[in-house]
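Here the structure is laid out as structure tokens; the discussion comes afterwards.
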Amino acid sequence: MSLKEKLVTSFMAFEDTIDVHSPIHDIRTEAIKTFENEGFPSKKEEAWKYTSLNSILKHDYSVFPKHENALEFKDVKKYFIHEIDSYKIIFIDGKYSSHLSQTTHDGIDICLMSSALNKPKYRLIIENYFNKITTKDGLSSLNTAFSAEGAYIHIPKNKLVDKPIQIIHFSTGNEAALMLQPRNLVVVDENSHVQIIERHQSLTNNPVLTNSVTEIFANKRAIVDYYKIQNDKENASLIDSTFINQKDGSLAKVHTFSFGGKLIRNNLNFYQNGERMDSVMKGITIIGKKQHVDHNTLVHHIEPNCESHQDYKGIFDDSSTGVFNGKVVVNKEAQKTNAFQSNNNILISDKASINTKPQLEIYADDVKCSHGCTIGQLDDSAMFYLRSRGIPEKEARALLMFAFSNNVLDSVKIPEIKNRITKIIANKLGVNIGFDL
Amino acid sequence: MLKINNLHASVEDKGILKGINLEVKPGEVHAIMGPNGSGKSTLASVIAGKEEYEVTEGNILLEGEDIEELGAEERAHKGVFLSFQYPVEIPGVSVTNFMKTAINETRKAKGLEDMPAKDMLKMIREKSELLEIDRKFLSRSLNEGFSGGEKKRNEIFQMAMLEPKLAILDETDSGLDIDALRIVSNGVNKLKSKDNAVIVITHYQRLLDYIVPDFVHVLLDGKIVKSGGAELAHELEAKGYDWIKEEVSAEH
Ligand SMILES: Nc1ncnc2c1ncn2[C@@H]1O[C@H](COP(=O)(O)OP(=O)(O)OP(=O)(O)O)[C@@H](O)[C@H]1O
Ligand SMILES: [Mg+2]
């Protein structure tokens, strides 16, 4: 039985366990039909031309883990940004862990998707926002069909959330192979401000496939600051689809740090439904071996006077491969749009490769759009300069690579994240030097 | 300290150094002069360990040890320092962080612990004062957007921080204004001792008024064709290189 067949059959069983009278029920049944028709994407599709899922779809994933698994904080502490106080929404093999979490309903709702989907008091928000901006492709539909758990965050207007929120999905490896379908909904009302850190972390080398969908609504003048830390184990793969709907005067920023995992596909979609807003997408990708990271971004400028900024840096070693596909659409009405995009890459090895493709569809005439992509090597004269000062080759290389990518960290507003990322980078590059200052 | 025997070096099969002999003893200052393209910077780079150049004949001994097999960083750890004619811009690495890394990597190579942060800051303060470098400057990206003179002053600041045994200053004077030339030369003189040595590569006598050489060598087409005392530099300043070229061709 193929994974697709297995999933479709499992849905029947899954359906029985959930509330068939909930408004979500119809959405789910619709979604599984879409998945049945569309299936998983193949390289024949333009948007998947350089990313093949074949190697990760061949495992016999369990769709519903058999056991409830527990973890002790001390054993997984390193995966948290534990230096700061934070709200935490933590899942273990797809199940909520109240033991590791810290949620709240005190003026703001930071809790579980499952309770939001079931409790009447959340009904209005769910009806207004759930599944409203996802694309109806096979993968997102699959997630919608199975969406049972994830983070639910609702920040009513005029609230500055006092501390960041960490969403972490652990997989224990107690299943031989596991597929997860996390679903997050983030609604930030007028003038409110929230910071979110998301991570998917496998604890063993058993195959894990995570098909995650996050919907974010940044209402008028809201600020959403979202950090994705992707540094998973070598057999863990992630398809991460994020949909962001912005209203007048809002600012939405997503930083994606991709260092680990087997295959990562980031679908990051911004819809600017309003004026005077800014969408920021930044990324650092540092991979090696046979890793593959694909950034697929879209900014849709719908109304006038808005900006978007994209800055992705990539460093590829060994036989690793990268894809950057950045699409910017500027509607006819969206005059005075400023859209910037840059994607710079360094290939360390002859066998590494990157496919980078900007896609601009501009229908307005009074706009500023710039895009640039570069692919280069490390500069020999810079290497000699550093080495001549006593910095060994490996460290010199690491320093240059860090220097190449670190401007992406300038916009990171949480110093502990910046610290953590520089440590992960140092670790990834196998050096023990402080990149600080 | 440094002994170079019959050194031949080439890049992409093109011979650039064609039999250099040079001995530098502790406490000495040597000046190397010579027309553009004669191989001065190449000699400096080969001593510092630039891999692009292939040594095809001869050898370089540092304190008696052949350094052929050593990488640039290992030579630095042994006390070789090159002040670059064209310092490289490294965006994203601050001067301070660069120096910290360089010093601690050198210490690591010698089996020492990292320098305590307090000592590091103190040293940075002292050395930047010696070279009259504004502290703000040190948090900027290394050489990025520095003026020509600032780059050179920064090279000597690095030299002051690293306290090398053998410093090679490749046209450190070019780009410096009159005051900066005095400050930088002063810095170099303060760092001099009976245990270390300096090789200055320059086109102008001016620098040698400040850093007085014990020996002056003329490099011509990859060979040292004439050596003398400090007075040779004056002679070159007055007469140029043609008379030396004639002397050389007369010998053949
Ligand atoms: N990497 C290289 N590739 C090709 N040719 C080189 C390379 N490095 C040096 N050369 C050549 O070797 C010769 C010597 O160059 P070098 O830079 O050593 O001269 P120099 O004496 O320092 O000159 P200047 O006074 O102008 O600084 C020049 O003809 C130069 O073009
Ligand atoms: Mg030169």
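Since the structure is predicted, the reported quantities are computational estimates derived from the model, not experimental observations. Just the heavy atoms: all of them, side chains too, but no hydrogens, waters or symmetry mates, feed the values below. Residue numbers start from 1 in every chain, and the chains themselves are labelled A, B, ... in the order their sequence lines are given, proteins ahead of strands.
With a 4.5 Å cut-off on non-hydrogen atoms, Asn104(B) does not touch chain A at all. If you measure heavy-atom distances from Pro164(B) to chain A, you find no contacts under 4.5 Å at all. Of the two parts of Leu142(B), only the side chain, counted from C-beta on, holds a non-hydrogen atom closer than 4.5 Å to a non-hydrogen atom of chain A. With a 4.5 angstrom heavy-atom cutoff, Glu51(B) touches chain A only via side-chain atoms. Proximity to chain A (any heavy atom under 4.5 Å) is shown, for Phe98(B), by both the backbone and the side chain.
A side-chain donor from one of Glu198(A) and His200(A) sits under 3.5 Å from a side-chain acceptor of the other. Judged purely by distance below 3.5 Å, without hydrogens or angles, the side chains of His295(A) and Thr256(A) never pair a donor atom with an acceptor atom. When only modelled atom types and interatomic distance are considered, Glu395(A) and Thr101(B) share no side-chain donor-acceptor pair under 3.5 Å. A donor-acceptor pair shorter than 3.5 Å cannot be found between the side chains of Thr56(B) and Ser10(B). A donor atom on one side chain and an acceptor atom on the other are found under 3.5 Å apart for Ser411(A) and His255(A). Side-chain contact check for Ser349(A) and Asp317(A): no donor-acceptor pair (N or O, by modelled atom type) lies under 3.5 Å.
The interface of residues 374-394 of chain A with chain B, defined by heavy-atom distances below 4.5 Å, comprises Asp379(A), Ser381(A), Ala382(A), Phe384(A), Tyr385(A), Leu386(A), Arg387(A), Ser388(A), Arg389(A), Gly390(A), Ile391(A), Pro392(A), Glu393(A).
Per-residue heavy-atom pair counts under 4.5 Å with chain A were compared for Ala48(B), Ser45(B), Ser141(B), Ser139(B), and the maximum is reached by Ala48(B). Chain A forms the most heavy-atom pairs under 4.5 Å with one residue out of Gln158(B), Lys78(B), Glu74(B), and that residue is Gln158(B).
No more than 12 heavy atoms of other residues, nucleotides or ligands shown are found within 6.0 angstrom of CG on Asp350(A). Within a 6.0 Å radius of CG in Asp13(B), no more than 12 heavy atoms belonging to other residues, nucleotides or ligands are found. Summarising the local packing, NZ of Lys25(B) is surrounded by 12 or fewer heavy atoms from other residues, nucleotides or ligands at distances under 6.0 Å.
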